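Inspection log for the structure reproduced underneath, given as C-alpha cells.
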Amino acid sequence: MPTSSTPFTLPNSRTEPDGSAVVRVLSYNIRSMQDDTAALARVIAACAPDLVLLQEAPRFFRWRKKLARLAAASGLVTLSGGGTAAGPALLCSLRATVERTEDVLLPLTPGLHRRGLATAVVRFGGARLGVLSCHLSLQRDERYEQGGMLLDRLAGLGVPHAVAGGDLNERPEGRTFRRLASHLQDGWAVAPRGGEHTYAATGPYQRIDSVFATAGVEVLGCGVPLGHPGVTEADLRAATDHLPVLADLRVPAA
C-alpha cells in the first residue's frame, strides 16, 4: 500500500463561538462485515468521526445487531440505514443531535441489485447538516440515473448545507461522477489530504469512493487517512476491500 506524500492532519471536531461547526465525516464500504471486524472497528474509532457513511452494511440475517455491534465497538451509535436502505447506513457520535432520518429504496432494475440511500438531518451546535450515504450501480446507465436521484434527494432534505458520500463504482472522469461534481464539491479535488485511491485496499489504483459537500460548506481536508494517528496499514488491509475517505468540514450556523 503506498504511503501518502501529504501528512494526514485535520482539525479536531468542535463548535465555534458563532455557532458553526467543524464536523468529521468518514465514508467507508465495509463489504457486509465479511472481513476482520475488529480491524474495521479500530480504523473507524481511530478516525474519530462525527458521522460515518457506510456502504455494504449488513442487510440480511440479524443485520441490525451486527450494525449496532460495529457502532458500539467504534464508540458510535446507529443513525439509519442497513437492510432498510439496501446496504447504505449512517452512524454518528453522541455529539450529533438527530432531527430526522429516512431510508430510501431506489427503483429496481430487473436482474440488477437493489440500491438505496440512507439519509438524515442532524445538528452540531448551531449548524444543521443533511447527510446521505450511497452505493451506486455497477451498470453505467442505471448509475447515471441514480446520480440524478441522489441530487434530488439531497435537495429534498430541505437544509442549506449537506454532505453526501459513498461508493460510486466510477472514477472521477466518469459521467455520473462528473454529474455529481458539477453540483457538489468533490472533497478530494477541493482539499486533498492523505491518499487518493480507495480501491482495492491491498493495492489501491483508482478513486471510486468520495465525499461531496454542498456549496457553503468549507472542505478543510479530505482523503484516505494514510498516516492518520492510530490507523495502520495492516488494519486497512484486513478491514474490508475498500479504503475509507475521511473529511473535515466547516458547516455554517443555520
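Side chains included, hydrogens not; waters and symmetry mates left out as well; all remaining heavy atoms used. By convention here, the first residue in the shown sequence is residue 1. The model shown is predicted, which means the values in this text are computed figures rather than measured ones.
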Heavy-atom side-chain contact between Cys47 and Pro225 under 4.5 Å: yes

Show me the side-chain donor-acceptor pairs of residues 64-75 shorter than 3.5 Å, one per line, residues at least two apart or across chains.
from: Lys66; atom 1: NZ; to: Phe61; atom 2: O; distance (Å): 3.4
from: Ser74; atom 1: OG; to: Leu70; atom 2: O; distance (Å): 2.8

Residues clustered with Val159, ILVMFWY side-chain links under 4.5 angstrom: Val104, Leu106, Leu117, Val121, Leu132, Leu136, Met149, Leu150, Leu151, Leu154, Leu157, Leu168, Phe177, Leu180, Leu184, Phe212

I need the Arg42 CZ to Ile44 CD1 distance, nearest 0.5 Å. 11.5 Å

Between Ser133 and Gln55, a side-chain donor and acceptor under 3.5 Å: yes

Looking only at heavy atoms, which two atoms of Thr214 and His161 are closest? And how far apart? OG1-CA, 3.4 Å

Charged N-O contact under 4.0 Å between Arg31 and Asp167: no

Test salt bridge (charged side-chain N to carboxylate O under 4.0 Å, His left out) applied to Arg179 - qualifying residues, sequence neighbours left out: none

How far does CG of Asp50 sit from CZ of Arg14, to the nearest 0.5 angstrom? 11.5 Å

Is the number of heavy atoms from other residues, nucleotides or ligands within 6.0 Å of CZ (Arg100) greater than 12? yes

Checking side-chain polar atoms at under 3.5 Å, does Glu56 have a donor or acceptor matched by the opposite partner on Thr240? no

Answer yes or no: is there a side-chain heavy-atom contact under 4.5 Å between Ser13 and Arg95? yes

For atom CZ of Arg153, decide whether the heavy atoms of other residues, nucleotides or ligands shown that lie under 6.0 angstrom number more than 12. no

List the atom of Arg143, the atom of Leu138, and the distance in Å for their closest heavy-atom pair. NH1-O, 3.1 Å

Would you mind reporting whether Cys92 and Val52 have side-chain heavy atoms less than 4.5 Å apart? no

Side chain of His113, backbone of Ser137: donor and acceptor closer than 3.5 Å? no

Measuring from Gln146:CD to Gln139:CD, what's the distance to the nearest 0.5 Å? 9.0 Å

Linking directly or through intermediates, with side-chain heavy atoms under 4.5 Å: list the remaining ILVMFWY members grouped with Tyr199, chain and number order. Tyr205, Ile208

Keeping the roles fixed (side chain from Thr232, backbone from Asp235), state whether a donor-acceptor pair exists under 3.5 Å. yes

Can you tell me how far CG of Leu226 sits from CD of Glu196, rounded to the nearest 0.5 angstrom? 11.5 Å

Is Arg114 atom CZ crowded by more than 12 heavy atoms from other residues, nucleotides or ligands, each under 6.0 Å away? yes

Going by chain and number, the hydrophobic cluster around Val219 (ILVMFWY, side chain to side chain under 4.5 Å) further includes Val23, Val25, Leu51, Leu53, Leu79, Leu90, Val98, Val122, Phe124, Leu129, Val131, Val163, Val190, Val211, Val217, Val245, Leu249, Val251

Thr78 and Leu91 have their tightest heavy-atom pair at CA-CD2, 3.8 Å

Under the 3.5 angstrom rule, does the side chain of Ser80 hit a backbone N or O of Glu102 as a donor-acceptor pair? no

Can you see which heavy atom on Leu243 is nearest to which on His197, and at what distance? CD1-O, 3.6 Å

Work out which heavy atom in Pro244 is nearest to a heavy atom in Val43; give both atom names and the distance. CG-CG1, 4.2 Å

May I ask you to decide if Ala118's main-chain N or O and Asp103's side chain share a donor-acceptor pair within less than 3.5 Å? no

Could you check whether Asp141 pairs with Arg175 (Lys NZ or Arg NE/NH1/NH2 to Asp/Glu carboxylate O, under 4.0 Å)? yes

Okay, side chain of Glu16, backbone of Gly19: is any donor-acceptor separation there less than 3.5 Å? no

Distance, nearest 0.5 Å, that separates OG1 of Thr109 from CD of Glu145: 9.5 Å

Using 0.5 Å steps for rounding, measure from the CG atom of Leu76 to the OG atom of Ser93. 6.5 Å

Can any side-chain N or O of Glu218 pair as donor or acceptor with the backbone N or O of Arg250 at less than 3.5 Å? no

Between Asp248 and Arg24, is the closest basic N to carboxylate O distance under 4.0 Å? yes

Mind checking who shares a hydrophobic cluster with Trp188, ILVMFWY linked at side-chain heavy-atom distances under 4.5 Å? none

Measure the shortest side-chain to side-chain distance between Thr198 and Gln206 over non-hydrogen atoms and say whether it is less than 4.5 angstrom. no

Closest approach of Leu40 to Tyr28 (non-hydrogen atoms, all atoms of both residues): CD1-CE1, 3.4 Å

Side-chain heavy atoms of Glu99 within contact of Arg123, under 4.5 Å: yes

Between Ser20 (side chain only) and Pro252 (backbone N and O only), is there a donor and an acceptor less than 3.5 Å apart? no

